[in-house]
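Atoms considered below: every heavy atom in the structure, side chains included; atoms not considered: hydrogens, waters and symmetry mates.
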Amino acid sequence: MEPRINLMTNSIGAKVAKRIYNVNLAIQESSLPKTLMELVQLRVSQINGCGWCVDVHTKEAAAVGETPVRINLVAAWRESAVFTEAERAALALAEEGTRTADAGQGVSDETWERLTKHYDEDGVTALVSLVAMINAANRLGVIARMPGGSYSPGAFAAMED
């Protein structure tokens, strides 16, 4: 599979990617565990069918210490016993915040209540922002048909200012 366009070598694409990465740096400054952030981004990427992003967040999750079992089970987190209630709340937000057209209601009050039970306002803001940003990145990857398989963990660190 060949990408339609290489967003990383195109001058506008590279600028957009760098800005998305810089927004993610602000999210990374939150107190959320890095493993949770990678699992959330992986789940959203799975839903959206972005091979590039699934590749990135599978490898980054492993690089920050996530276990292969949890990485593999994130696609079936509702039917898995390896996630905490706080992680389940974050994954529910990820799914509902991604499937807004499918669900029709966006994020349910029940999911929001579970989320705010486990995370403070900064944590909730970081999770909401994380879901929004990975959805944007997924759209870029899917539209450009960026294939997964070639990412090396830590590659985005070179984009830092």
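Arg19 contributes a side-chain N or O that, together with a main-chain N or O of Lys15, makes up a donor-acceptor pair within less than 3.5 Å. Between the Thr111 side chain and the Val107 main chain, no donor and acceptor come within less than 3.5 Å of each other. Not one N or O on the side chain of Thr100 forms a donor-acceptor pair closer than 3.5 Å with the backbone of Gly97. Side-chain atoms of Asn135 come within 3.5 Å of backbone N or O of Val131 as a donor-acceptor pair.
Between Met133 and Asn24, the shortest heavy-atom distance links the atoms CB-OD1, 3.9 Å. Arg99 and Ile47 get closest at one heavy-atom pair: NH2-CG1, 3.4 Å. Residues Arg114 and Arg88 come closest through the heavy atom pair NH2-O, 3.7 Å. The two residues Val142 and Asn48 have their closest heavy-atom pair at CG2-O, 3.5 Å. Closest approach of Met8 and Ala17 over heavy atoms only: SD-CB, 3.9 Å. Taking each heavy atom of Cys53 and Ser45 in turn, the nearest pair found is CB-OG, 3.2 Å.
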Test salt bridge (charged side-chain N to carboxylate O under 4.0 Å, His left out) on Glu38 and Lys34 and set out the steps.
CA-CA 6 Å; Glu38 292 302 335; Lys34 302 295 184 231; over 6 Å; no

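Put simply, the side chain of Ile134 does not reach to within 4.5 Å of the side chain of Val40, judged on heavy atoms. For the pair Lys18 and Asn22, the minimum side-chain heavy-atom distance is below 4.5 Å. For the pair Val74/Leu91, a side-chain contact is recorded, criterion being any heavy-atom separation below 4.5 Å from C-beta on. By the 4.5 Å heavy-atom criterion applied to side chains, Val82 and Trp77 are not counted as neighbours. Using a 4.5 Å heavy-atom cutoff, the side chains of Lys59 and Asp55 are in contact. Residues Glu96 and Ser108 have side chains in contact (heavy-atom distance under 4.5 Å, counting atoms from C-beta outward). Gln46 is listed as a side-chain neighbour of Leu42, based on a closest heavy-atom distance under 4.5 Å.
For residues 125-144, there are no ring-ring contact (aromatic ring centres under 6.0 Å, His included) pairs, not counting sequence neighbours. Note on residues 52-76: pairs passing ring-ring contact (aromatic ring centres under 6.0 Å, His included), not counting sequence neighbours, are Trp52-Tyr151. Among pairs with a residue in residues 119-130, none fulfils side-chain hydrogen bond (donor to acceptor under 3.5 Å, both in side chains), at least two apart in sequence or across chains.
A single hydrophobic cluster is seen to contain both Leu36 and Leu73, as judged by linkage of ILVMFWY side chains at heavy-atom distances under 4.5 Å, directly or through other members. Both Leu25 and Ile27 are part of a single hydrophobic cluster, where members link through side-chain heavy atoms under 4.5 Å apart. Cluster membership check: Val64 does not share its hydrophobic cluster with Met37, using side-chain heavy-atom separations under 4.5 Å among Ile, Leu, Val, Met, Phe, Trp and Tyr. A single hydrophobic cluster is seen to contain both Val23 and Leu127, as judged by linkage of ILVMFWY side chains at heavy-atom distances under 4.5 Å, directly or through other members.
Residues passing the salt bridge (Lys or Arg N to Asp or Glu O under 4.0 Å) test with Arg4: none are found, sequence neighbours excluded. Partners of Pro3 under the side chain to side chain contact (heavy atoms under 4.5 Å, CB included) rule, at least two apart in sequence or in another chain, are Pro147. For Arg70, the salt bridge (Lys or Arg N to Asp or Glu O under 4.0 Å) partners are Glu66, Glu87, not counting sequence neighbours.
The CE atom of Met146 sits 12.5 Å away from atom CD of Glu2, with the distance rounded to the nearest 0.5 Å. Residue Leu7 holds its CG atom at 6.0 Å from CG of Leu140, rounded to the nearest 0.5 Å.
Within 6.0 Å of atom CZ in Arg145, 12 or fewer heavy atoms from other residues, nucleotides or ligands are found, so the atom counts as exposed in its surroundings.
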